[in-house]
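Remarks on the structure that follows.
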Amino acid sequence: MHTSIRNIAIIAHVDHGKTTLVDKLLHAGDLFSEHDKPGELIMDNNDLERERGITIVSKNASMTYKDVKINIIDTPGHSDFGGEVERVLNMADGVLLLVDAFEGPMPQTRFVLQKALELGLKPIVVINKVDKENCKPEEVQEAVFDLMFNLDATEEQLDFPTVFGSAKYGWMNTDWQEKTDNIIPLLDAIVEHIPTPKIEEGTVQMLITSLDYSSYIGRIAVGRLQRGSLKSKQRVALVKKDGTVTKSNIRGLYLFDGLGKVEATEVKAGDICALFGIEGFEIGDTIADAEAPEALPSIAIDEPTMSMLFTINDSPFFGKEGKFVTSRHLKDRLEKELEKNLALRVESTDSADSFRVFGRGVLHLSVLIETMRREGYELQIGQPQVIIKQIDGKKHEPIEELTCDLPEAVSGKLIEMVTKRKGVMLSMEPKGDRMLLRFEIPSRGIIGLRNQVITASAGEAIMTHRFLDFQLHKGEIPSRLNGSLIALETGKSIPFSLNNLQDRGKFFIGPNVDIYEGQVIGENSRPNDLVVNVTKTKKLTNMRSSGADAKVKLVPPIEFTLEEALEYIQGDEYVEVTPESIRLRKVLLKEHERKRAKNAALSN
């Protein structure tokens, strides 16, 4: 039997080595027997997480060291997943703050760390990658101290232990100049400095902090048992946020062991467990004693700041690549997503084929869209809209704090772009030949900004933003200046025609691609939309050989990622998403329909 338990959450910036460190911790717990060679990045088990190198959904794992059970909770590092972060930290008693020895603490780390300090969690700082050249572990340690001080950490929190090392090479030590051959110093620090869970006397209480779903047994509630003990088949009460109580029996109990779950007959207070058999629960509900239920304070989830219209694919190419194309498929899939994606809201619209989906930002929603497209869905998405609130009869909009780290030479250009979009500069500090700039800017202003900043800085800028609050509406923001190039008819794009039209703007498609009427195939170099015909071939006479147009030189087309496409489109355009393609199109495909709509809008 374990003598005690430690619950720790891991906080780190994207790419500072969090997932690698978790892998090494689990190895140290000798979880893996010899024949069972684990792969890399054990925790990031979703394809998208691996490709983007970000953790989206928080996960649990556990290991045993010197008879102490250590529950490791992985937190998402991105502020778009803020809803996830708070719930996860509720299960922990301490945090490991993982920082890169060269880069130091990053803007996004700040977001999660602030939440952890507010909850009174005890931090241990791990300075990773000290084997990199030019790294400055002592300066980074100072920077972490300053950051915690700025976030109003308590004296006890500021007295944090620091462990240095390299997760990649599997060593940790309290002194960065002495390399060891194991990560035992880190495990010792966890056992010594992270408090054991506080256990109160009393009846059963567990706050449901996350969800799991299994197609065999349905929804599984995950949380930390605050007090009392749970047994399999026990009768418990479920206390909802509004105070209503329902009673049911636990059908199964699980504890976390390594990366999996093991069935348990009993769970003691302080441990993190999963249980099923309870109907109709939500995150933030309490599982309590059946006879005298007492609720725990619920958790507030961050509000959505942005919405997009999801609609079925009705383009001329629908159903060629996807398996799920009807509005019924779309509705079922969105409802399934609501079960585990907390910061998401879905509303039906006046059309049965469209749904308005609310989320925490373009990244949050594009991760969902990307997942759906990999599962074989086809859908179309409208331009991202910021949520406007009426407070005291006045229009308010979400404001974000934008941090941008970029070469000094381009900082003037960035300031100009942000000011145009109603942003206000808060601070600028030089870092060598780079500049770190902080702004307050409306969420509307961030849509489409990344593209421009990355282009202006030749890919060198690092942009992060996080939601601050709702403030008075800041007025009009100029939208994209250039119009679109629109295909005149359906067919294949011909190199000869593309070549002739190159001076008209930039193309998003290459030669010999299937296109349809009304598809947006490029950006006009002028402000208005232009309909172009790229499907007509050269008229050949018997004098001219047909081989002579092989000499056409085409500029390579611009290819959009999903997020870039969503940030690029205008109000009368859709992004068409299928398992194999991302296309831009006008909502109204026929030119005469677009003219009619425009005239109707003018006469109103």
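As a basis for the values below, the full set of heavy atoms in this structure was taken, side chains included, without hydrogen atoms, waters or symmetry mates.
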Quiz item: Only one of K586, R594, K598 forms a salt bridge (charged side-chain N to carboxylate O under 4.0 Å, His left out) with D529, so which one is it?
Solution: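 The option that passes is K586.
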
Can you tell me how far the [atom1] atom of [X] sits from the [atom2] atom of [Y], to the nearest 0.5 Å?
X: I391; Y: F470; atom1: CD1; atom2: CZ; result: 7.0 Å
X: L253; Y: I220; atom1: CG; atom2: CD1; result: 11.5 Å
X: I441; Y: M417; atom1: CD1; atom2: CE; result: 11.0 Å
X: L379; Y: H329; atom1: CG; atom2: NE2; result: 13.0 Å
X: L530; Y: L488; atom1: CG; atom2: CG; result: 10.5 Å
X: L344; Y: L334; atom1: CG; atom2: CG; result: 7.5 Å

In the structure I gave you, are the side-chain heavy atoms of [X] and [Y] within less than 4.5 Å of one another anywhere?
X: I399; Y: D469; value: yes
X: T349; Y: T311; value: no
X: I521; Y: S493; value: no
X: P316; Y: L589; value: yes
X: V453; Y: C404; value: yes
X: L230; Y: V236; value: yes

Self-check item: Check against side chain to side chain contact (heavy atoms under 4.5 Å, CB included), F507 and V513
Solution: CA-CA 12 Å; F507 279 100; V513 176; over 6 Å; no

With [X], which residues qualify under salt bridge (charged side-chain N to carboxylate O under 4.0 Å, His left out), at least two apart?
X: E489; result: none
X: E517; result: K590
X: E567; result: none
X: K595; result: E591

Tell me whether [X] contacts the main-chain N or O of [Y] through its side chain, where contact means a donor paired with an acceptor under 3.5 Å.
X: R421; Y: I447; answer: yes
X: T535; Y: T490; answer: no
X: E576; Y: R583; answer: no
X: N524; Y: L485; answer: no

Quiz prompt | With sequence neighbours excluded, residues passing ring-ring contact (aromatic ring centres under 6.0 Å, His included) with F508 | solution =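 With sequence neighbours excluded, F508 shows a ring-ring contact (aromatic ring centres under 6.0 Å, His included) to F560, Y568, given in chain and number order.
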
Quiz item: Sequence neighbours excluded, which residues qualify as ring-ring contact (aromatic ring centres under 6.0 Å, His included) partners of F317?
Solution: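 With sequence neighbours excluded, F317 shows a ring-ring contact (aromatic ring centres under 6.0 Å, His included) to Y516, given in chain and number order.
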
Self-check item: Summary of side-chain hydrogen bond (donor to acceptor under 3.5 Å, both in side chains) pairs that have at least one residue in residues 497-510, sequence neighbours excluded
Solution: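 As it turns out, the side-chain hydrogen bond (donor to acceptor under 3.5 Å, both in side chains) pairs with a partner in residues 497-510, which skip direct neighbours, are N499-Q502.
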
Of the non-hydrogen atoms in [X] and [Y], which two are nearest, and what is the gap between them?
X: P579; Y: E378; result: CD-CG, 3.9 Å
X: G223; Y: M206; result: N-CE, 3.6 Å
X: I369; Y: L566; result: CD1-CD1, 4.0 Å
X: A352; Y: S327; result: O-CB, 3.7 Å
X: R444; Y: G475; result: NH2-O, 2.8 Å
X: S484; Y: E573; result: OG-OE2, 2.8 Å

Quiz item: Are F324 and Y377 close enough that their ring centers fall under 6.0 Å?
Solution: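 Ring centroids of F324 and Y377 are less than 6.0 Å from each other.
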
[X]: what forms a side chain to side chain donor-acceptor pair (under 3.5 Å) with it, not counting sequence neighbours?
X: Q380; answer: D314, R585
X: R356; answer: S307
X: K492; answer: D514
X: E321; answer: T578, S581

Exercise. Using the salt bridge (charged side-chain N to carboxylate O under 4.0 Å, His left out) rule, take R373 and E370 through it: C-alpha gap first, then chi angles, then the decisive distance, then the call.
Key: CA-CA 5 Å; R373 112 180 232 221; E370 184 66 46; 3.6 Å; yes

Self-check item: Set of side chain to side chain contact (heavy atoms under 4.5 Å, CB included) partners for K395, sequence neighbours left out
Solution: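 Scan of K395 (side chain to side chain contact (heavy atoms under 4.5 Å, CB included), adjacent residues dropped) gives I388, Q390, H473.
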
Quiz item: Step by step, would you call L588 with D572 a side chain to side chain contact (heavy atoms under 4.5 Å, CB included)?
Solution: CA-CA 8 Å; L588 301 170; D572 63 341; over 6 Å; no

Quiz item: Under 6.0 Å from the NZ atom of K331, do we count more than 12 heavy atoms belonging to anything else shown?
Solution: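 Check fails, neighbour count at 12 or below.
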
Practice problem: Carefully, step by step, assess L365 and I381 under the rule side chain to side chain contact (heavy atoms under 4.5 Å, CB included). | Solution: CA-CA 10 Å; L365 291 171; I381 293 104; over 6 Å; no

Self-check item: Candidate pair Y574 and L309, rule side chain to side chain contact (heavy atoms under 4.5 Å, CB included), full reasoning
Solution: CA-CA 9 Å; Y574 280 152; L309 188 72; 4.0 Å; yes

